[in-house]
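From a predicted model like this one, the values you see are computed outputs, not experimental measurements. Within every chain, numbering begins at 1; the chains are lettered A, B, ... in the order of the sequence lines, protein sequences first and strands thereafter.
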2 protein chains.
Amino acid sequence: MSQARTLNDVAKHANVSPSTVSRILNGTASVSPDKRKSVEEAISLLGYRPNLMAQALAKGRSMTIGVVTQAISSPFYGETFVGIEQGLASSGYHPMFISGHWRAEEEREAVDILTSRRADALIILGGNLEDDYLLKMAESLPIVTVGRTVQGLEHQSINISQEDGAMLGMRHLLDLGHRRIAHISGPPSHRDAIERFTGYKNALAEYGIAYDPELVLEGNYQERAGLLATEQLLSRRTDVTAIFAANDQTAMGARLAMFRRGIRVPDDMSLIGFDDLFASGYTTPPLTTVRQPGEDMGLAAANMVFALLEGHRPKPPRLSASLIVRESTSRLRFA
Amino acid sequence: MSQARTLNDVAKHANVSPSTVSRILNGTASVSPDKRKSVEEAISLLGYRPNLMAQALAKGRSMTIGVVTQAISSPFYGETFVGIEQGLASSGYHPMFISGHWRAEEEREAVDILTSRRADALIILGGNLEDDYLLKMAESLPIVTVGRTVQGLEHQSINISQEDGAMLGMRHLLDLGHRRIAHISGPPSHRDAIERFTGYKNALAEYGIAYDPELVLEGNYQERAGLLATEQLLSRRTDVTAIFAANDQTAMGARLAMFRRGIRVPDDMSLIGFDDLFASGYTTPPLTTVRQPGEDMGLAAANMVFALLEGHRPKPPRLSASLIVRESTSRLRFA
DNA sequence: CAAAGACTTGACAGCGCTTTCAAAGTTTGT
DNA sequence: ACAAACTTTGAAAGCGCTGTCAAGTCTTTG
């Protein structure tokens, strides 16, 4: 293991003081052309790369943005990661992802790790961290939350209205003539899931349809739960003509349950999801869904972090859900 | 922004020297119970968290494992991320992911970033980095490659035979009676893709079937390319009875193309993928595929990193692809 | 009971880099 | 030609922590 070269090595090689090398590296002050040249030569000769740890210590900035996520492999957050990555690109800052698995305790641990590593700012993706905790945290560190709005931190939160999104999807179904619409919810502990559920109920009310608790089944945002819930639903009710799934993954599970029973989509039953995962455009049939602009949200989060870092007050962009009509929904046919 | 407390603050509060605090933190030496107690009190009172940057500088270990990946949102690598995360869990080490997007230049940049941050080891997931480069890198840093084997670094590479995997899938199709089997390849620049293609040809040869170049279309591991390639294929040949897609995403695209043309899967045509993404178990119909144990590979990579870090010579586990038969393939029916 | 260990503890010198501060060298103005 | 005003440069302190070294205490042992 060859030792990494240090700034001092470079200084010696170039016959200048360490300060000068540092100045050239950071452009902190002007330096005579000849010294600059010899320093640059020494740098490439030695293959010198500044030690970011040392820089972090000296400058008090680690150049890393901590990202508390829920699951590193989540298809939905994946898009947000891309946005964050892009937003941070060539800024010198780099993201560090730690997963919290939707457990407040693990998320707190993730925050601890990130603060130990002296992340310059935090981006919190969803999760179950208490508002108070985040609020306190925000006093000592720039924090941006994505997918949730923290009371008192509104201008550092980027979020879309899940309720509005759900209503968009429901109105689509309703306008298509569906009346017996089932809902497979997300985990009851997720505020998004609750909001989507609320949107479901609101839309029903808007169209003057009585809410029937038997039509809502609990899921957990995973495919398997969507499958199970749908099986249960189908064995209990035969009058349902459409399902509004809490997210695309749930919809995929529901789709499989229908496939198993020979129920055609959308001929026999309409299906709509939420999120618009990339894969949803390639299901059979392609899934109608409510799109959440995950990548844009990530990008916006990165930009807000920069604003915060520079002491500005960021202005969260107005992002919103949109309906993506594909082929899993169709007008109700009076059989 | 309240200043973070330092080890010195703790020392003063507890009326001991910084060394003592350090010793307690690291368990480096025994300390009298009363001092330990007062230090611990001071720590929790002040909410002290060690500064990992400072520790890194002093110890010369950053406790971070650099992971050069290709796309942070890739469904296949996602599973590997989970494995890495798990493998590293509670070891004090944390992964830092940087994406290279399959471009050698970007990957080299990723490596630079990671070495600047003094990552203690690197895990390279796939990619197009030259073997020489990796070999040179490996002289100064523990490196584990996943999804590719580097000449001279075999014991630090974890990989499965893509060729064998492809043959597994092909034999399945062949045993089902299929003879006109098309292949939609991955990007010709990926060695995995090439190996899978080779497996395709080998299997054909094994069954004494002439290789027909017209049956192989170029894809790029993305859904869209699978869709396009399949459309092209179907408009050109009507005798194909099965498609072996280079990966599940390609298979999804192919599936959609068939759906568009009213081709039933598997009744009219069999379809098989590669990777076994989580979502593949929920497609319509569920996809038969060749499973790559992504998570296990990630886990193994983490363990190999530990071995390397401790100066041991790691023994790469023997992992291999396996056939997952679901419902997208069926015996050829003589129409 | 003195000498030798065995523990516990604090001072201090780094780790590699940044950032005053002040000295030395240059340029400008009159 | 000389003071005033810059510009370029190096010395040195310090970021927060670790680890060596030596001093100080306390036990143990012949």
Side-chain angles (χ1 to χ4, degrees), chain A residues 1-40 42-43 46-64 92 112-113 115-120 140, chain B residues 1-40 42-43 46-64 92 115-120 140:
Chain A
M1 307 275 158
S2 60
Q3 268 314 295
R5 321 311 311 240
T6 74
L7 178 143
N8 244 295
D9 297 337
V10 174
K12 272 183 202 130
H13 247 80
N15 260 305
V16 297
S17 75
S19 327
T20 302
V21 179
S22 170
R23 279 188 270 258
I24 290 178
L25 251 32
N26 298 288
T28 318
S30 53
V31 167
S32 74
D34 53 324
K35 301 224 177 213
R36 152 165 278 117
K37 186 157 168 294
S38 64
V39 166
E40 278 166 356
I43 288 179
L46 299 175
Y48 168 74
R49 307 230 85 222
N51 182 332
L52 219 13
M53 299 288 128
Q55 286 193 163
L57 226 211
K59 298 205 218 186
R61 291 185 305 138
S62 67
M63 302 306 283
T64 113
D112 280 354
I113 290 166
T115 57
S116 250
R117 288 180 175 265
R118 293 300 185 269
D120 296 323
S140 55
Chain B
M1 305 278 160
S2 62
Q3 267 316 290
R5 323 308 314 238
T6 74
L7 177 145
N8 244 297
D9 297 337
V10 174
K12 273 184 201 126
H13 247 79
N15 261 307
V16 298
S17 76
S19 322
T20 301
V21 179
S22 170
R23 279 189 270 259
I24 291 177
L25 251 32
N26 298 286
T28 317
S30 53
V31 167
S32 74
D34 52 324
K35 301 225 176 210
R36 151 165 279 117
K37 185 155 169 296
S38 63
V39 166
E40 277 164 357
I43 287 180
L46 298 174
Y48 168 75
R49 305 233 82 223
N51 181 333
L52 218 11
M53 299 289 129
Q55 287 193 161
L57 227 210
K59 297 206 222 189
R61 290 187 305 137
S62 66
M63 301 307 284
T64 113
T115 56
S116 250
R117 289 180 175 266
R118 294 299 185 270
D120 296 323
S140 55

request  = For Ala56(A) and Ser62(A), work out which heavy atoms get closest and say how close.
outcome  = CB-CA, 3.7 Å
note = Scanning both residues in full, the closest heavy-atom pair of Met53(A) with Met53(B) reads SD-SD, 3.8 Å
message = Using whole Å, what does the distance between atom C1' of nucleotide dT25(D) and atom NZ of Lys35(B) come to?
response =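 Going from NZ in Lys35(B) over to C1' in dT25(D) covers 12 Å.
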inquiry  = Distance check needed: dG10(C) P versus Asn15(B) CG, whole Å only.
reply    =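 So the CG-P distance, Asn15(B) to dG10(C), works out to 9 Å.
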task = For Asp120(A), enumerate each residue passing the salt bridge (Lys or Arg N to Asp or Glu O under 4.0 Å) test, keeping only those at least two apart in sequence or located in another chain.
result =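 Partners of Asp120(A) under the salt bridge (Lys or Arg N to Asp or Glu O under 4.0 Å) test: none.
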task = Start with the C-alpha distance between Thr6(B) and Asn8(B), add both sets of side-chain angles, then the distance that settles side-chain hydrogen bond (donor to acceptor under 3.5 Å, both in side chains), and finish with yes or no.
result = CA-CA 5 Å; Thr6(B) 74; Asn8(B) 244 297; 5.1 Å; no
query = Just by protein heavy atoms under 4.0 Å, how would nucleotides 11-23 of chain C read 5' to 3' in B, S and -?
reply = BB-BBBBSBB---
key: Side-chain H-bond candidate by donor/acceptor type, Ser19(A) with Ser22(A), under 3.5 Å   = no
